[in-house]
2 protein chains.
Amino acid sequence: MASLTTRALLLGVVSLFEPANGYQLRRELLSWGVEYWAHIKPGSIYSMLTTFARQGFIERHDLPEGDRTVAVYTMADAGRDELRRLLREAAVTVNAMDPSGFRVALSLAPLVDRHDMVAALREREVNAARISADLLDKIAVVARGMAPPHVSHSLELELRLVETERAWLADYLAAIEAGGLTFAGEAEPAWSPPDDDAGWQMVRESQRYREQIDAEKG
Amino acid sequence: MASLTTRALLLGVVSLFEPANGYQLRRELLSWGVEYWAHIKPGSIYSMLTTFARQGFIERHDLPEGDRTVAVYTMADAGRDELRRLLREAAVTVNAMDPSGFRVALSLAPLVDRHDMVAALREREVNAARISADLLDKIAVVARGMAPPHVSHSLELELRLVETERAWLADYLAAIEAGGLTFAGEAEPAWSPPDDDAGWQMVRESQRYREQIDAEKG
DNA sequence: CACCCATTATTCAAACTTGAACAGAAGTCT
DNA sequence: AGACTTCTGTTCAAGTTTGAATAATGGGTG
C-alpha cells in the first residue's frame, strides 16, 4: 500500500479542491514540489485515484465535456474519516529520518480543527522527547565501545535534528495557542491569491463541476 | 527504479559482506532498522538482488548446501562503480525532507576513500549553503503576503533543519580532517565486535562461501 | 491561415514492491 | 522422545508505480 505521506497528500488535495479531475490534482501536487520531498511521480496520481475510488474513499463522476468525458472526483464520507486519521498520525509521528509525513500534516493543517491540531502536536512533543532520550542512551552505549565510531556521528546528527524540531515545535504551538493561523471551520484567512492568479481558474472549474454533478443527481 | 537510498544500501551490504546469501543480507539490513528510516521491506530484498544480478552489478552463484542449493552473491566490477557513484551522490545531495540518503552515505562511509569523502562533504557544504539562502528568499517572499501563513512556518522548520545539518557537517569534517574515523583501505578500526557476537558467524559463512566459489572456478 | 509548441486529460505495458506462504533445520521445553 | 516455536532461505501472486505514449485543444507568430 502507498505510504502515509502519499495517501494523506492525495486525499488532502481532493478534499481541498473537490470536485476536481486528475489533471488539476496532478498540477497542484507538482506545484507543491511533491516529486522532491514526497516521492510521488505524476504517473502515480491517476492510478491512486482509481484505487481510492475502489476503496470507497472518493467518488468518481464521469461528466460530459463536449464530445468526450472527464473523470471528476469528490470526497466520500469514508475518505474524510480516513484523511482525519492519516493527518493525525502524520502529526503525531516523529521520525528524524523521514520528516515528509510531518510536512504533509503542516501543509494540510487548514483542514484540521484547531483543537485537534493542538492535541496532536502536544502528543508529538511527548514522542519527540522520548526519541531524544532514546538517542542519548544509544549514544552512551556507543561511546562505551559497543559499536563502530561512524555510528556515533550518525546518531549525533539525528539527535541534533530532533532537538531542532522540538524547539521549532514549541514556537509553533505557542503561535497557534496565541490564536495565530487559520484552521478548519474558521473564518477565511486574511490572505487571498493575487487577482491574476491561476488559482481562480481551479475555483471556477470546480464550481462548474459541482453544478453538473448536482444537476445529474436532481 | 528503486530509489538511490535503497540501491546504495543493498549494494553496500553486499559489498561489506560478500559472498553472502539473501537471508544474511536481509538479517543485516533489518538489524540496521532499514524498515523504519529507509523504506525497505524484507520481501523486497530478494527481488532487488535478482534485478541487480540481471543488471550486472552483482553475480549470483548457486552453491550446493546439503541436498539443496543456496544463492550466494558477490560484487561485480560494474557494481563497485555503481556503488561509488551512488554513495557520492548520496553524500552530496542535501534534502531536508529526505535525509535518509545521507544516512546511507554515513553508514557506508567505511567503503569510501577518505579523500573522496572529504571532497564530497565539501560539495555538500556548498549545496547546503545554497539551499539555506534559497529558503531565506522564499521566507521573505511569503512574509510579503504572497502565500498562506501556514507555509512560512513550514519553511522556517526546513531552514532550521538545514542550519542544524550545516553545523553538524562542519564538526564532522573537522573530525575527519583531524584524522579521525576509518575509511576504505585504511587499517582495521580499533573497534571489533564482542566475542560472543553473532557477527562472527557471518564472517565464517562468507569465508566458506568464498572457498566454494573459488573451488568451482579452479 | 498554417504551423508549431504548450497544455489538457488520460491510459497502459513493463517493472517494481510486498505480504504471505512454504519447507526443512535447529533449538527448547516437558 | 514428542511437541512446539523459532530460524533459515526462498518463491510468488497480487497489487502498486511509473515512463512513455496518445490525442485533442488552445495560443502565438510569420
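Chain identifiers are assigned alphabetically (A, B, ...) following the order of the sequence lines, protein sequences preceding nucleic acid strands; residue numbering begins at 1 within each chain. Computed from a predicted model, the values in this text were never measured in an experiment.
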Among [options], which is the nearest nucleotide to the side chain of [X]?
X       : options                : result
A:Ser44 : C:dT10, D:dT17, D:dT10 : D:dT17
B:Asn21 : C:dA9, C:dT17, D:dG9   : D:dG9
A:Thr51 : C:dT10, D:dT16, C:dT8  : D:dT16

What is the separation between atom [atom1] on [X] and atom [atom2] on [N], rounded to the nearest whole Å?
X        : N      : atom1 : atom2 : value
B:Leu10  : C:dC16 : CG    : C1'   : 14 Å
A:Leu30  : C:dA9  : CG    : P     : 14 Å
A:Met48  : D:dT18 : CE    : C1'   : 13 Å
B:Arg7   : C:dT17 : CZ    : C1'   : 15 Å
B:Tyr46  : C:dA21 : OH    : P     : 18 Å
B:Glu205 : D:dT8  : CD    : P     : 8 Å
A:Met202 : C:dA9  : CE    : C1'   : 14 Å
A:Glu65  : D:dT25 : CD    : P     : 11 Å

Quick one: is A:Arg54 getting a side-chain N or O under 4.0 Å of the D:dT16 phosphate, OP1 or OP2?
yes
Any B:Arg27 side-chain N or O less than 4.0 Å from OP1/OP2 of D:dT6
no
Between A:Met1 and A:Tyr23, name the one whose nearest nucleotide on DNA chain C is closer to the 5' end.
A:Tyr23
Take A:Ser47 and A:Arg68, find for each the nucleotide of DNA chain C with the closest heavy atom, and name the residue whose nucleotide sits nearer the 5' end.
A:Arg68
Looking at A:Leu136 and A:Leu159, what are the two nearest heavy atoms and their distance?
CD2-CD2, 3.9 Å
Do you know which two heavy atoms are closest between B:Ala76 and B:Gly56, and how far apart they sit?
CB-O, 3.4 Å
Exam field: side chain A:Trp168 to backbone B:His153, donor-acceptor pair closer than 3.5 Å
yes
Which residue lies toward the 5' end of DNA chain D, A:Ser3 or A:Asp67, if each is placed at its nearest nucleotide?
A:Ser3
Here's a test of your reading of the structure: between B:Thr69 and A:Lys41, which maps to the more 5' nucleotide of DNA chain D?
B:Thr69
Those residues that, when tested against B:Glu59, pass side-chain hydrogen bond (donor to acceptor under 3.5 Å, both in side chains) (two or more places apart):
none
Is the Lys NZ or Arg CZ of A:Arg124 less than 6.0 Å from the centre of A:Phe102's six-membered ring, within 45° of the axis?
yes
